[in-house]
Amino acid sequence: MIIDHFGFGVGDFERAKAFYIKVLAPLQIELLMDVPAAAMPGGYPACGFGRKGKPDFWLAGTGKTTPPTHIAFRTETRAQVDEFYRIALTEGAKDNGPPGVRPQYHANYYGAFILDLDGHNVEAVCHAPQ
């Protein structure tokens with residue numbers, strides 16, 4: 001991996017944080033850090049999600065949500081992709097591509113795409129064969 005961590009701004013920080021806590025749970029990604037606005041250089045709250053104690057994905061309560069961003073979370077199983085998609089739609093995300101094989105990328109690329117509460121294109125992907 002060439003990127004240490006990644007993040008983007010959200011319009012409603014608490015709502016987005018609650019959304020991602022639920023949506024990332026099936027991917028075994030959890031909230032690891034919650035930083036108050038007073039502790040951030042920009043003066044806005046932030047939170048970090050990740051696995052094994054390392055926050056790799058950050059939300060920032062900047063109120064700025066443009067331009068929309070794309071991020072893909074790697075999973076171990078296709079069932080995790082399916083569950084991510086199901087929970088995301090239940091929590092208010094919009095469909096941007098249902099779970100399925102995407103052979104244009106490679107034979108085992110199984111992904112699902114949603115637009116989060118701020119319009120960011122968020123994907124869960126499994127590269128393992130079925």
Side-chain angles (χ1 to χ4, degrees):
M1 180 148 171
I2 62 170
I3 297 172
D4 182 71
H5 61 275
F6 178 82
F8 49 69
V10 296
D12 182 331
F13 179 73
E14 292 301 326
R15 183 172 177 230
K17 182 170 63 171
F19 173 83
Y20 278 102
I21 286 170
K22 292 177 183 175
V23 169
L24 297 178
L27 310 182
Q28 300 174 332
I29 299 171
E30 61 187 344
L31 178 66
L32 297 173
M33 294 183 77
D34 208 349
V35 185
M40 290 296 292
Y44 49 80
C47 62
F49 294 82
R51 295 182 183 122
K52 300 180 183 175
K54 166 82 169 65
D56 296 312
F57 170 60
W58 287 83
L59 298 178
T62 62
K64 298 176 185 173
T65 61
T66 56
T69 301
H70 172 67
I71 186 168
F73 293 100
R74 184 181 298 216
T75 70
E76 298 298 320
T77 69
R78 292 178 178 199
Q80 288 174 304
V81 172
D82 296 342
E83 189 66 1
F84 158 86
Y85 180 80
R86 185 190 69 75
I87 292 173
L89 294 184
T90 299
E91 293 299 318
K94 293 181 182 169
D95 168 54
N96 199 30
V101 176
R102 304 294 196 286
Q104 66 270 35
Y105 302 134
H106 67 73
N108 294 319
Y109 195 108
Y110 186 87
F113 301 79
I114 57 105
L115 297 176
D116 77 357
L117 305 175
D118 290 298
H120 298 293
N121 180 16
V122 183
E123 173 186 1
V125 60
C126 176
H127 296 284
Q130 185 168 2

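If you read the sequence from its start, that first residue is 1, and numbering goes on from there.
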Close side-chain approach of Lys52 to Leu32, heavy-atom, < 4.5 Å: no
Hey, which of Lys22, Arg86, Arg15 is the one that makes salt bridge (charged side-chain N to carboxylate O under 4.0 Å, His left out) with Glu91? Lys22
Minimum side-chain heavy-atom gap Gln80-Glu83 below 4.5 Å: no
Hey, are the side chains of Tyr44 and Lys64 touching, using non-hydrogen atoms and a 4.5 Å cut-off? no
Can you tell me if Met40 has over 12 outside heavy atoms packed within less than 6.0 Å of its CE? yes
Do side-chain atoms of Arg102 reach the backbone of Gly100 as a donor and acceptor pair under 3.5 angstrom? yes
Pairs meeting criterion salt bridge (Lys or Arg N to Asp or Glu O under 4.0 Å) with involvement of residues 108-130, two or more places apart: none
Test item: Tyr110 and Gln130 side chains (from C-beta on) under 4.5 Å apart, heavy atoms: no
List for me each residue that meets salt bridge (Lys or Arg N to Asp or Glu O under 4.0 Å) alongside Lys54, sequence neighbours excluded, and say none if there are none. Asp4, Asp56
Which residues, ordered by chain and number, are linked to Leu89 in its hydrophobic cluster, where ILVMFWY side chains connect at heavy-atom gaps below 4.5 Å, directly or through other members? Phe6, Phe8, Val10, Phe13, Phe19, Tyr20, Ile21, Val23, Leu24, Leu27, Ile29, Leu31, Phe49, Phe57, Leu59, Ile71, Phe73, Phe84, Tyr85, Ile87, Ile114, Leu117, Val122
Looking at side-chain heavy atoms only, is the closest gap between Lys17 and Asp34 below 4.5 Å? yes
Note: Pro68 and Gly119 closest approach over all heavy atoms is CB-O, 3.5 Å
Are more than 12 heavy atoms, taken from residues, nucleotides or ligands other than Arg51, located less than 6.0 Å from that residue's CZ atom? yes
Asn121 CG to Thr69 OG1 distance, which is reported to the nearest 0.5 Å: 9.5 Å
Between Val81 and Pro99 the two heavy atoms that sit nearest each other are CG1-CB, 4.4 Å
Rounded to the nearest 0.5 angstrom, the CH2-CE distance for Trp58 and Met33 is 4.5 Å
Where is the tightest heavy-atom contact between Cys126 and Arg78, given as atom of each residue plus distance? SG-N, 3.8 Å
Within the side chain of Thr75, is there an N or O that forms a donor-acceptor pair under 3.5 Å with the backbone of Val125? yes
